[in-house]
Amino acid sequence: MTQILGFIILLPIMYATEGAKLPFFFDKLKTDSSLQFNLVMSGLAFFIYNELATYTLKVTGAVTASVANTAKRVIVMVYMAAVTGKELTDEQKMGSGIAITGVLLYALIDDLLKSKKKTKAA
Amino acid sequence: MAFKGAPDSVALILFFVFWYAGNMKYNEYNTAALNAVGGKTSGLTMTVATMQLGVCAVYAMIMWAIKLNPAKLFGLQAPAKQSMPNVTQADLIKSMKLAFCAAGAHAATVFALGGDPLFGQIVKAAEPVLAAIVGTVFYNKAPTFYKVCCLPIIVGGVAFASLKKGGDGSYSLKFDVTALVFGMLANAFAAFKGGENSKLMADKGIAERYGGVGNQVSVTQVTIHVVYKQCFHSTHVMLMCSSFYCLYSLL
C-alpha cells in the first residue's frame, strides 16, 4: 500500500519537474506508435532482463555473474553496432577489448591466485 | 508440488539466454525510443528514462494484482507466485538511499547511451574502477592488491577507445562527452548502489520482510534481490527519479 501511495503522491512531483516539455512528450506518445512501442518494450525488457539476471546470479554466484556480465557487454556492443549500423572504430574495438579483459581479470584474479580473501565482485 | 516445467538446469541456460537477449533488446528499444523523441538534444531523455520505470511500475503492480510472476516462463517453468512485499515504512526509508542510487544509475545510463550507444557501453564497462574507489572510500571495503592491479588495464582500455587516429597518423581524443560523463556518473551510482545493497542486506529484519514473501523456497540474498528489484524498479525508483531530476534541473 505504501508503494502505491508513494506513487500517487509522487506523480504531481514528476509533472512539476519534467517541465514544459511534458505535454510535447505526451502528444508524441499519443500519436507516435514507434515511441509507444519502444518505450513500453524498453521498460519491459529492462525489468525482465534484470529479473532473469537475478535468477542466474542466485544459482551461479557472484564470480560467474560478473564474468557473464562482462561477456554480455561484448555481445551487446556487437549487437548494437549491427543494429545501429555504426561501426566501432579500430581504437574503440581494441580499447573496449582491453577494458573488458581488465574487467574479466578484476573479477577472476583473486580466484586465479587462490587468494583466500573474499571480495564482492562488482 | 504442482507442475514445475523444465528442469532447473535447462531453465538456467534459458535464463542466461533471455537475460542477454533482454539486455540486447533493451539497448535497441531504448535507442529507438530516444530517437523517437528527437535524440540526445530533445531535452526528453530524462522523461524517457522515467517513463521506462513507469512501465516497470505498472508491470510490477499487475504482477501484484494477479499474484503471479510470469518471468519463469522464459525458463519454460510455471510462473511463480508473487505477492506484495510485506515491508514496513521504516524499511522503505532505510531503502531510500539504495533506490536513489538505482534510479540515478538508470537515468545516467540512459543519458550515456543516448549520447552514444556504443561508446556509452565501453564507458560502462569501467564500473569496477568506480566500485573499487567508492568501496574503499565510503564503505571501507578495499579491493585486494591484485584487483587494484587490474584497474589501470580497464582505464587504459577506455582511454584507448576514446582516441581517434587522424589522417596524418597522429592520435587525438575524440569521443562523445555525454556518453563519458554520464557513463561515469552511472558507474558511480552503480558503485554506491552496490555498497548500499550489501549494507541493507546485512539487516536481517529487512531481508526477511523483503524475502519472506518471495517465491523461492529459501530466503537467499538473491530472492530478496528479486523482490527488491520489483519494488524499486517500480514506484520508488520513479520517486527517486523525480528527485534526481529535480537535482538535475537545479544544476
Side-chain angles (χ1 to χ4, degrees), chain A residues 2-3 6-7 10 13-14 17-18 21 25 28 32 34-35 38-59 72-73 75-77 79-81 83-84 86 88-89 91-92 94-96 98-100 102-103 105-106 109-110 113 115 117 119-120 122, chain B residues 12 15-16 18-20 22-30 32-33 36-37 43-44 47 51-52 55-56 59 71 74 89 92 117-118 121-122 125-128 131 143-144 146-147 150 153-154 156-158 160-161 163-164 194 198 220 222 225-226 229 231 233 235 238-239 242 245-246 249:
Chain A
T2 36
Q3 276 116 22
F7 175 64
L10 278 153
I13 302 180
M14 204 184 83
T17 52
E18 304 248 87
K21 288 240 173 182
F25 176 77
K28 200 138 177 71
D32 188 338
S34 131
L35 177 59
N38 287 305
L39 189 68
V40 171
M41 290 309 284
S42 61
L44 280 182
F46 183 72
F47 196 105
I48 288 168
Y49 91 67
N50 271 296
E51 203 175 340
L52 294 178
T54 313
Y55 285 148
T56 60
L57 176 69
K58 190 188 78 192
V59 186
K72 184 203 77 188
R73 289 196 197 285
I75 295 172
V76 168
M77 264 164 28
Y79 179 73
M80 284 310 286
V83 167
T84 55
K86 239 175 120 171
L88 283 164
T89 64
E91 290 77 20
Q92 282 180 329
M94 278 181 65
S96 55
I98 296 167
I100 288 167
V103 174
L105 268 179
Y106 181 89
I109 196 156
D110 283 349
L113 297 169
S115 162
K117 274 187 193 163
T119 41
K120 193 178 138 296
Chain B
L12 179 64
F15 289 150
F16 263 113
F18 283 106
W19 166 25
Y20 281 21
N23 202 312
M24 283 149 71
K25 286 315 251 184
Y26 167 72
N27 274 272
E28 184 183 347
Y29 292 133
N30 179 50
V37 293
L44 282 167
T47 309
M51 290 299 168
Q52 279 172 354
V55 173
C56 295
Y59 180 70
F74 285 100
Q89 198 142 11
L92 289 176
L118 296 177
Q121 286 287 352
I122 299 178
E127 193 193 311
T144 60
Y146 299 113
K147 277 187 186 283
C150 299
I153 306 176
I154 306 174
V158 174
F160 193 75
L163 294 173
K164 194 168 170 66
S198 28
T220 60
V222 190
H225 211 69
V226 175
K229 281 223 153 97
C231 299
H233 285 175
T235 48
M238 277 195 87
L239 181 162
S242 308
Y245 186 68
C246 285
S249 42

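Numbered from 1 within each chain, the chains take letters A, B, ... in sequence-line order.
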> Under a 4.5 Å heavy-atom cutoff, which of Leu163(B), Leu118(B), Asn30(B) has the most pairs with chain A?
Replying inline: Leu118(B)

>> For the CG atom of Asn38(A) and the CD atom of Glu28(B), what is their distance to the nearest 0.5 Å?
In response: 8.0 Å

>> Rounded at 0.5 Å granularity, tell me how far CG in Leu52(A) sits from OH in Tyr20(B).
In response: 12.5 Å

>> Taking the side chain as everything from C-beta on, heavy atoms only, tell me whether Tyr106(A) gets closer than 4.5 Å to Glu127(B).
In response: no

> Can you find a pair of side-chain heavy atoms, one from Lys72(A) and one from Gln121(B), that are under 4.5 Å apart?
Replying inline: no

>> Quick check on Ile48(A) against chain B: is it the side chain, the backbone, both or neither that has a heavy atom closer than 4.5 Å?
In response: side chain

> Measuring from Phe46(A):CZ to Asn27(B):CG, what's the distance to the nearest 0.5 Å?
Replying inline: 10.5 Å

> What option among Met94(A), Glu91(A), Gln92(A), Met80(A) has the most heavy-atom pairs under 4.5 Å with chain B?
Replying inline: Glu91(A)

> Below 4.5 Å, heavy atoms only, C-beta onward: do Met41(A) and Tyr26(B) meet side chain to side chain?
Replying inline: no

> If we only count heavy atoms from C-beta on, is the Ser96(A) to Phe160(B) side-chain gap below 4.5 Å?
Replying inline: no

> Which one of Phe18(B), Tyr29(B), Phe16(B), Phe15(B) has the most heavy-atom pairs closer than 4.5 Å to chain A?
Replying inline: Tyr29(B)

> Out of curiosity, Tyr49(A) OH to Met24(B) CE, how far, rounded to the nearest 0.5 Å?
Replying inline: 13.0 Å

>> Let's test your reading of the structure: which of Ala32(B), Gly22(B), Gly156(B), Cys150(B) forms the most heavy-atom pairs below 4.5 Å with chain A?
In response: Cys150(B)

>> Given heavy-atom pairs under 4.5 angstrom as the criterion, report whether the side chain, backbone, both or neither of Val83(A) touches chain B.
In response: side chain

> When Ile154(B) is tested against each of Ile98(A), Ile100(A), Val103(A) for side-chain contact (heavy atoms from CB on, under 4.5 Å), which residue passes?
Replying inline: Val103(A)

